[in-house]
Every structure is written in C-alpha cells, then in structure tokens.
J.: 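The structure under discussion is supplied below as structure tokens; questions concerning it will follow.
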Amino acid sequence: MRVYKTKNYEEMSRKAAHIIASQVTLNPDCVLGLATGSTPVGTYKNLIEWYEKGDLDFSGVTSCNLDEYKGLSPENDQSYRYFMNHNLFDHVNIDKTHTYVPNGLEPDSEKACGQYEEIIRAQGGIDLQLLGLGHNGHIGFNEPADEFPKATHCVDLTDSTIQANKRFFENESDVPRQAYTMGIGTIMSAKKILVVVSGTDKAEILNKVINGPITPQVPASILQLHPDVTIVADEDALSKTKL
Ligand code: F6R
C-alpha cells in the first residue's frame, strides 16, 4: 500500500485527481471505477476544472460505478446515477453511453448483478478503481460481515443506513431498503485501486484498514492484499495511523 498524507481535504482532492488524470492521459481508453459519497466530490471538481482548461480528454474513457440503490430511477436525485451525472459526467466530454451504474430499476437482483459483472468483464476489467471509506470500513455497500462477498450482489441496507439516509427523502418509506454493489472480489480485480479518505471521524477505521488484521469485519482491510493500492488521506484521517 502506498499512502500519501495531505494537509487537508483540498490537497487530498488535488492529489487524487492527479492520479486519475495521469491514468486518463497515459491510457485515454481506460476503464475507471468510480464512487459516490462526499469524499470524491472535490476530486471530481478538479477533474472538471482541468477538462475545462483543455488539459484532460474523457472522450475515450469508460466508467463503472461501485453501487446503486435498488428501486431508484436515474432521474431520482438520490440515485447514484443522478449523483454521477451531476458531479462529473454532465461537465466533461465522457460518452454517457460508456458510463455504467448497476441498474437500480431491474427488480430481479440476480439478473441485475449478473449483468453488471458481465458489463465489467466486457470492458476488459477496471484499470483504476476509486473508493471512499465508510466509518465501519465498508467499501461500496460491502458492510462488515462474516465473509467477503465476491461478486456484484444485492444488499439489505442496515437500519442505521436507512435512518441516516431518510433526511434526503420526503418519507422514511421512500428510502430504498436494498442496493446493488460490486463485491469485494469485483473491487479486488481492478488493476489499480485509489482510496480517498478525509477527516478525524475516519482516523480510527483508517488505522485498522492499514495496520489491522485482514478481516471481513473491516471490509477495506482486504486491500492490504492488493498489489497496487494508493491511499490518499489528509492529516486528520491519518492522525491515528503509524506509517
Ligand atoms: C460510494 C460508496 C460508499 C462510500 C462510503 C464513504 O459509492 O460506495 O462506500 O464511498 O460510504 O462515503 P463518504 O465519502 O460520503 O464518507
């Protein structure tokens, strides 16, 4: 694992964007694995800025997102498709038909997940996977469990996630109960992995991810076994980690 410590969130975002930009520049037809959540927003902002300056070209890039709520349409402003359009795709010259997110509107979970694995395979796999880190060590929607889920699968959202998400919806009953997510095996198959982490609230879990035992109770700890992982984290997030 390569760990870059940055002064703050802005520097973390710039550094991560540089890594993604190098990937796109060196391999204009690359496949990027992308994430939603608050952490990568600054990274996407930098990429948009550099695209607007003429320094980056996304026309050959394909993307596959980590996850999507089951039951939400792309037009729903809480869907991860909507998030990606709003925070990146609408602002750069990526071909939207080459941007993939699990199909939240497919009610048949097995079909949705099988199709998504097939899409990733058909692109030749993911060259660079961007990840955020959950407070409990989750990546994608892979929550602490007794084993590492391998492929894209359907997860039942925990009560705490439903409670945390309900503020974004009109009624609690509108909050999706399930989501489709790449599995740990899908994520580990990416050629390179880039993890962005910011804030003291992630300090404890980040230390466990980097220095703790590899266990499905801390899903991101498996990244210790990947041959090409870069973590870009700010001082606050690394405040409990001995490097
Ligand atoms: C996002 C995702 C999640 C987030 C994680 C961290 O597609 O799958 O695993 O990366 O929950 O979220 P933030 O960045 O909001 O702290």
Side-chain angles (χ1 to χ4, degrees), residues 6 8-10 12-13 16-17 20 32-46 63-70 72 74 76-89 99-104 113 116 120 126 128-145 148-149 151-158 160-165 167-168 175-176 178-188 190 193-206 208-209 216 218-223 229-234 236-238:
T6 66
N8 51 32
Y9 177 80
E10 285 68 35
M12 178 212 76
S13 301
I20 297 172
L32 298 178
L34 297 176
T36 61
S38 52
T39 319
V41 169
T43 304
Y44 295 149
K45 279 199 177 125
N46 279 286
S63 71
C64 297
N65 258 78
L66 277 170
D67 41 18
E68 179 60 286
Y69 288 117
K70 181 176 176 181
L72 293 197
N76 186 308
D77 62 5
Q78 292 309 314
S79 74
Y80 287 176
R81 159 60 73 182
Y82 185 97
F83 175 100
M84 288 311 301
N85 286 346
H86 190 72
N87 285 288
L88 182 65
F89 301 153
T99 63
Y100 299 98
V101 176
N103 181 2
C113 297
Y116 203 59
I120 296 171
I126 290 166
L128 175 65
Q129 176 68 53
L130 176 64
L131 297 175
L133 177 66
H135 290 104
N136 57 5
H138 74 228
I139 44 179
F141 266 115
N142 295 282
E143 300 290 348
F148 292 109
T152 300
H153 58 289
C154 181
V155 287
D156 295 326
L157 302 188
T158 58
S160 68
T161 305
I162 293 167
Q163 291 308 317
N165 287 355
R167 66 185 192 277
F168 299 119
V175 185
Q178 291 184 308
Y180 296 137
T181 180
M182 284 186 194
I184 294 291
T186 326
I187 293 170
M188 289 293 279
I193 295 179
L194 169 62
V195 192
V196 284
V197 197
S198 171
T200 44
D201 53 320
K202 299 275 176 78
E204 208 143 307
I205 193 66
L206 183 57
K208 285 187 186 159
V209 169
V218 181
S221 62
I222 193 130
L223 298 174
V229 173
T230 304
I231 297 178
V232 182
D234 60 20
D236 284 347
L238 282 166

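All values below were derived from every heavy atom in this structure, side-chain atoms included, with hydrogens, water molecules and symmetry-related copies excluded. One-based numbering, in listed order, for ligands and for the atoms of each.
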J.: For atom 1 (C) of ligand 1, which protein heavy atom lies nearest, and how many Å away is it?
T.: T36 OG1, 3.2 Å
J.: Give a yes or no answer on whether the side chain of N87 reaches the backbone of G37 with a donor-acceptor pair at less than 3.5 Å.
T.: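 No: the side chain of N87 does not pair with the backbone of G37.
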J.: If we set the cut-off at 4.0 Å for heavy atoms, which region of L131 has an atom near ligand 1: side chain, backbone, both, or neither?
T.: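 The answer is neither.
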J.: What atoms of ligand 1 come closer than 4.0 angstrom to any heavy atom of G132?
T.: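 Answer, ordered by atom number: 10 (O).
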J.: Assess H135 for proximity to ligand 1: is some non-hydrogen atom of it under 4.0 Å away?
T.: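 Under 4.0 Å: no for H135.
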J.: Would you tell me which option among V41, L66, D67 has the nearest heavy-atom contact to atom 8 (O) of ligand 1?
T.: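 Going through V41, L66, D67 one by one, D67 has the nearest heavy atom to atom 8 (O) of ligand 1.
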J.: Show the atoms of ligand 1 that are less than 4.0 angstrom away from any heavy atom in L133.
T.: 6 (C)
J.: Distance under 4.0 Å to a non-hydrogen atom of T39: what atoms of ligand 1 satisfy this?
T.: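 Under 4.0 Å from T39, ligand 1 has these atoms: 13 (P), 14 (O), 16 (O).
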J.: For atom 12 (O) of ligand 1, what's the nearest protein heavy atom and its distance?
T.: G37 CA, 4.3 Å
J.: For F141, what residues pass the ring pair (Phe, Tyr, Trp, His ring centres under 6.0 Å) criterion, not counting sequence neighbours?
T.: Y69
J.: Out of curiosity, D156 CG to I162 CD1, how far, rounded to the nearest 0.5 Å?
T.: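 Here the rounded value is 8.5 Å.
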J.: Above 12 or not: heavy atoms from other molecules or residues under 6.0 Å from CD of Q178?
T.: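 Atom CD in Q178 is packed in, count exceeds 12.
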J.: Please answer whether the main-chain N or O of P102 pairs with a side-chain N or O of D67 as donor and acceptor at a distance below 3.5 Å.
T.: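 No, the answer is negative, given that no donor and acceptor are paired below the 3.5 Å cut-off.
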J.: Between T99 and F89, what is the shortest heavy-atom contact and its length?
T.: CB-CE1, 3.6 Å
J.: Would you say Y80 has any N or O atom under 3.5 Å from an N or O of ligand 1, going by distance alone?
T.: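 So ligand 1 has no N or O lying under 3.5 Å from an N or O of Y80.
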J.: I want to confirm something. Looking only at heavy atoms, which of K202, H138, E143, E68 is nearest to atom 4 (C) of ligand 1?
T.: H138
J.: Atom 15 (O) of ligand 1: which protein heavy atom is closest, and how many Å away?
T.: S38 N, 2.8 Å
J.: Under 3.5 Å, is there a donor-acceptor pair between the side chain of Y80 and the main chain of A35?
T.: no
J.: Tell me the closest heavy-atom pair linking I126 and L32, and the distance in Å.
T.: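 Smallest interatomic distance, heavy atoms only, reads CG2-C, 4.3 Å.
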J.: Starting from atom 3 (C) of ligand 1, which protein heavy atom do you reach first, and at what distance in Å?
T.: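 Answer for atom 3 (C) of ligand 1: G140 O, 3.7 Å.
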J.: Of the non-hydrogen atoms in V197 and K202, which two are nearest, and what is the gap between them?
T.: CG1-CB, 3.5 Å
J.: Quick check: G134 and ligand 1, any N/O pair under 3.5 Å apart?
T.: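 N/O-N/O distance below 3.5 Å does not exist for this pair.
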